Every structure is written in C-alpha cells, then in structure tokens.
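Worksheet: one structure, shown below.
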Amino acid sequence: MQKPTIPKGTRDFTPQEMANRNYIFNTIKDVFQLYGFQQIETPAMENLSTLMGKYGEEGDKLLFKILNSGDFISGASDNELLDRNSSKLTNKFSEKGLRYDLTVPFARFVVQHQNEISFPFKRYQMQPVWRADRPQKGRYREFYQCDVDVVGSNSLLNELELIQIVDEVYRRLKINVCLKLNNRKILSGIAEIIGEAEKITDITVAIDKMDKIGLEKVNEEIASKGIAAEAIAKLQPILKLSGTNSEKLIQLKSVLAESEIGQKGISELETIFELCEAMKVQTKIELDLTLARGLNYYTGAIFEVKALDVEIGSITGGGRYDNLTGVFGLDGVSGVGISFGADRIYDVLNQLALYPETSAEQTQILFVSFGEKELLYCLPWLSSLRAQKINSEVYPESTKMKKQMTYADNKRIPFVAIVGETEMNADKVMLKNMKTGEQALVSMDELLEKMKFYR
RNA sequence: GUGGUUGUAGCUCAGUUGGUUAGAGCGUCGGUUUGUGGUUCCGAAAGUCGCGGGUUCGAGCCCCGUCUCCCACCCCA
C-alpha cells in the first residue's frame, strides 16, 4: 500500500509543536485582548464572488477553488467544454473558494453585519488561510494569520495602538524586530510630482524591491514600465533618501512641497512618530519609502515588521485602507489593521530556540500504579488535583513500572505519584520528583500544597 | 506559472566502475531476579530503494516521464 501523504505546502503538527505554536497564539491573543479587541471567525470557504478580483490578477490565480458538489459538469455546455478554456470553466464548475486572507472576509463580515456592529469595531481573527502558491522557505500553502483591525475610525491613535501591539507582542516573544513605516499618500505624492500618478502601482512594486535588487535594477524596472527618463531622474533623490526619520521627513517636505496629498502623508507620519515617542514605544521604527507592499487597497499608513536575527522576510504587515468595504457596497468606513504571520513567527522562534522551558499545557503529575485496586485509589486524588487546576493523569493500565516511568519521561512530566499497597494502607502516595529523583510519602493535603505551584 | 535541486527503515544518512539475502546510528518494541524513568548490556521488528516505464543476463546505481522536497523568480505572511 502507498504510504499516506499530505498535500504539498501543508504540515502536521505534533503535540510538542502544538505546545510551541499555542505559546505564540496565546501570546498574541492576550495582547490583542489587552487592547480591547474582540475575536470573530469566518468560514474557511467563501463564495468566489467575494474573493475574486480583490487581490489582483496574481491573487486570483492563487485562490484554491472548490469543485461544486454533485454533477458539476452539467453547469457547462458542450461548446464550453470543447473550448477547453480553464478560467471560463472554473466559473462554471466552482462557486466557492478557500479564503486567501482574513481582511477581505472581514470586510464582507462588516458589511453583512453592519447593523449589529457598533463602531469603531475592534476585531481580531486567528485562522488559517490558503494560497495555491509554490512552497519555499517561509512559505506555505496553508498558514495562519492573526489579524487585528479597527474599522470605523479615522484616528491615528489606532495606528499608534497597532504599533504598541507589535511592540508588546515581540517584547513578550523576545524577538528583536524592526518596524518599517511608510505612507501611501507619500508614494502617491511622489508619483504626482514626477508626473506619473497613474503609474503608481508599477513604481511602488519596483521600489519595494530596493534592498533586494538595488537602485540600478529598480531604475531599470521602472524604465521598462514606460516611465520617462526625466521622471526617473526626479525620483532619484527620493530613492536615495537617508538619515534619521525626522531628517527624511524634512527632505521629503521640500521635495513634495507641491503635492497636497504628499504633505498629508508626511503630517500623518509625523503625528505617528510623535505619538510613539510620547508612549515610549521600544521597537525601532524606521521610515522606509521602499516599503510599498503588494496589496493595493492601502491608502494611508503601511507597516511591516522584520525579524532582525533571522533571514525570513516580513513577519507582520498591514496598513490603513480607507474604503475596503466599498467593494461590498458600504462606503465611508475606514479601517486600519495588521496581520501577524504566525507560521513565520514559529519559524523564527524555532531557529532561535526561544520557547519557554516548561509549557503550560504539559501534565504536571502522573499516577503510577500496580493493579486495579491501586488504579481506583488514584481517581479521587486526580479529581482533587484537577479541581485545583493541576494538569494530572493516571497511567490507565497496570503494566510494569518501567513502562509507566518511561511514559512519564517521554512526556516530560515533572512529578510521579507511585501507588502500591504500602501507600494505600497509609492513605498516602509516594511523590517522586523526576528531575532530582527525590521522593517522599505525602498525604492528599501535602500533595495539593506541593503541586499548587505547578498550575 | 518559469528555472534549478532532492528522494534508500519512523528520523538522519551510508551503499564501490551496474553483480548474491540493501546497511549504520538514533528512535520504537521486548528482555536484563515482576516497587522506580532519563546513563549500561542483550535482542527484535521495521524498506516493492518516491512512483511508472525503458536499457541490460542483471538496476538502489544508467535513460525517460511523473510526483514530492528544498531553493530562486513572479508574488507574498
């Protein structure tokens, strides 16, 4: 028989791995809740009409589509089948797809539930998303995103709070990061003053590659998009911008003096920097004009977080989008949000071995016994421990002690309670510390007292 | 979607110019006077050599296809 496998780009997670992953999810979740965000979930699958056209042409290709149930082929005529046009046939065969991110389903959610939501709506969502991408380093076809967004508020205080959340999450996870900040309005201003406003997407996609391919290649790519040489020349001082954040802003102010939207972007950034300083955000924040990000719906701030000690690409990203719900028929709702890439954070933590030594999930005490009578004797002890929220279990069969001890060892259970006739007669258990090897006869009260530090 | 790369036991890998029943370490399981694990010693199970085809008297090894892994591009968490 063929050995079973899982689809490419997907992974199984063992109990040990899940303990590590839950450490990440719980850390992120705790911080989200600390800032007043509430959790929602949306279905794994959405109607394709909700998903299609929201991520550009590339994105549509990367959507996993779900075959219609039943006789899906009846949806297409003979001529359409003979045509062999896959993209047209896809529409006939499939009307649902797996979600590609959490932002678009969230926009759909806001529109659909607009009358039940009170704004500003602060929500978080931690669920897997799927992309039919070719897997490679730090890239999976199924991965988790942890999104926090505020919709229905234009205040830059939201940007501040998101930055504070980034600051707090990575402080707790002990990952050194740099937060890169940009503003779409500045990018628009740049495109405007060089007279290529309608080419903004091409320009931003190209300059996004700056630290990867260098200035020269970026210029080549921009030129290849049909942008005039003089416009490219005008762009140079901006691409070569250097110095501290405030020095960069001063330079930008003069370069973008003629652009109203550019000035707006600069003042937004100034406000954000001031707020961060006032609130003593520890994370290094860097104004980075080459940060453009792929998704075109950002209209204000753009964030990206990079791990400093690991080469892995961005581990968190986001920004402000003024009219995301517009595509679903609800105008005038502004949102700002960020997404933590849990799987990349997991890779970073794995490489740096930054997990806490003991997991809150592990069993703290295992009862080892010698027979049926002893097994039954253990049960009330377990109930008492569990009532005190101490993770505990009993080895459910009376096999050799070696096997039971090995079991405890493999699960890294720190304490074992040995129960034989002697212990039963004394109404006690033999409590053994697996690390030191020390053991002592203890009563129920003594046991609960000792174990209460291991909740 | 394009290009490159990898595949032998649960895991990490040996395997000679093509030549008998394909090996090791780790892990697993069992035993080492049946009330003591993580460190000893002994033993066992475990592989259609990714899959399919071809060349050959003979293929883990050579050729073709395919899938998979990883890497780069595109794009992106």
Side-chain angles (χ1 to χ4, degrees), chain A residues 1-12 14 24 28 55-63 86-87 99-103 126-147 201 204-206 208-209 212-213 217 221 291-296 303-307 311-318 337-348 366 368-371 374 395 398-424 429-439 441:
Chain A
M1 198 172 100
Q2 183 99 21
K3 276 180 199 168
T5 57
I6 54 175
K8 80 158 83 163
T10 65
R11 294 159 299 165
D12 285 329
T14 62
I24 296 170
I28 293 173
Y55 309 104
E57 216 176 301
E58 276 301 316
D60 284 355
K61 276 194 247 170
L62 296 180
L63 283 171
S86 352
S87 63
R99 74 166 99 78
Y100 178 90
D101 71 0
L102 300 179
T103 308
M126 313 203 317
Q127 290 187 277
V129 302
W130 294 270
R131 296 183 188 179
D133 212 353
R134 192 174 282 207
Q136 52 179 284
K137 191 169 199 71
R139 272 177 126 166
Y140 307 96
R141 297 176 105 179
E142 177 185 63
F143 61 96
Y144 275 76
Q145 290 190 333
C146 308
D147 275 31
T201 305
T204 55
V205 167
D208 192 45
K209 295 175 188 164
K212 207 170 192 177
I213 62 177
K217 297 262 179 169
E221 183 163 332
L291 172 61
R293 308 215 32 78
L295 300 177
N296 283 322
F303 311 103
E304 183 165 293
V305 177
K306 289 206 150 169
E311 198 64 43
I312 195 158
S314 91
I315 54 178
T316 291
I338 50 172
S339 175
F340 288 79
D343 294 271
R344 284 196 177 168
I345 295 172
Y346 176 65
D347 288 348
V348 170
L366 172 78
V368 163
S369 66
F370 295 101
E374 286 88 344
Y395 196 91
S398 46
T399 57
K400 289 193 191 75
M401 196 156 181
K402 181 189 168 92
K403 192 166 165 78
Q404 301 189 46
M405 295 298 278
T406 305
Y407 176 86
D409 226 27
N410 289 339
K411 282 186 85 170
R412 302 212 172 81
I413 299 172
F415 292 96
V416 163
I418 300 165
V419 177
E421 226 171 296
T422 331
E423 286 80 9
M424 284 202 294
V429 298
M430 181 67 80
L431 179 66
K432 172 166 180 150
N433 181 325
M434 292 295 275
K435 206 164 181 182
T436 63
E438 289 167 336
Q439 56 185 54
L441 265 183

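Each chain gets a letter, A, B and so on, in the order the sequences are listed, and its residues count up from 1. Nothing here was measured: the structure is a model prediction, and the numbers come from that model.
- In this entry the distance linking CG of A:N410 with P of B:C26 reads 16 Å, nearest Å.
- Side-chain contact between A:R412 and A:M434 is absent, with no heavy atoms from C-beta onward closer than 4.5 Å.
- Rounded to whole Å, the C1' atom of B:A9 lies 5 Å from the corresponding atom of B:G47.
- Taking the P atoms as reference points, B:G19 lies 39 Å from B:G1, given to the whole Å.
- Taking atom P on both B:U66 and B:A22, the two are 31 Å apart, rounded to the nearest angstrom.
- Counting non-hydrogen atoms under 4.0 angstrom, A:E142 reaches nothing in the nucleic acid.
- Spacing between atom OH of A:Y395 and atom C1' of B:U36 amounts to 15 Å, rounded to whole angstrom units.
- Atom CE of A:M401 and atom P of B:U36 are 7 Å apart (whole Å).
- Straight-line distance from the CD atom of A:E438 to the C1' atom of B:G37: 16 Å, rounded to whole Å.
- Look at the P atom in both B:G53 and B:A14: the space between them is 28 Å, to the nearest Å.
- Nucleic acid contact for A:E57: none, since no nucleic acid atom lies under 4.0 Å from a heavy atom of the residue.
- Spacing of P atoms, B:G43 relative to B:U68, comes out at 43 Å, to the nearest Å.
- One finds a salt bridge joining A:K209 and A:E221 here, because a Lys/Arg side-chain nitrogen approaches an Asp/Glu carboxylate oxygen to under 4.0 Å.
- Taking atom P on both nucleotides, B:C13 is separated from B:G65 by 27 Å, rounded to a whole Å.
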Heavy-atom contacts, protein to nucleotides 1-8 of chain B, under 4.0 Å, summarised as B (base), S (sugar-phosphate only) or - (none) per nt, yield BBB-----
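- Applying the 3.5 Å distance criterion, the base of B:G35 shares a donor-acceptor pair with the side chain of A:E423.
- Surrounding CZ of A:R11 are more than 12 heavy atoms belonging to other residues, nucleotides or ligands, all under 6.0 Å away.
- A salt bridge is defined here as a Lys NZ or Arg NE, NH1 or NH2 lying under 4.0 Å from an Asp or Glu carboxylate O, and A:D133 with A:R139 meets this definition.
- Rounded to whole Å, the distance from NZ on A:K403 to P on B:G35 is 17 Å.
- Counting non-hydrogen atoms under 4.0 angstrom, A:G56 reaches nothing in the nucleic acid.
- You won't find any donor-acceptor pair under 3.5 Å spanning the side chain of A:K400 and the base of B:U34, going by distance alone.
- The CE-C1' distance, from A:M434 to B:G37, rounds to 4 Å in whole Å.
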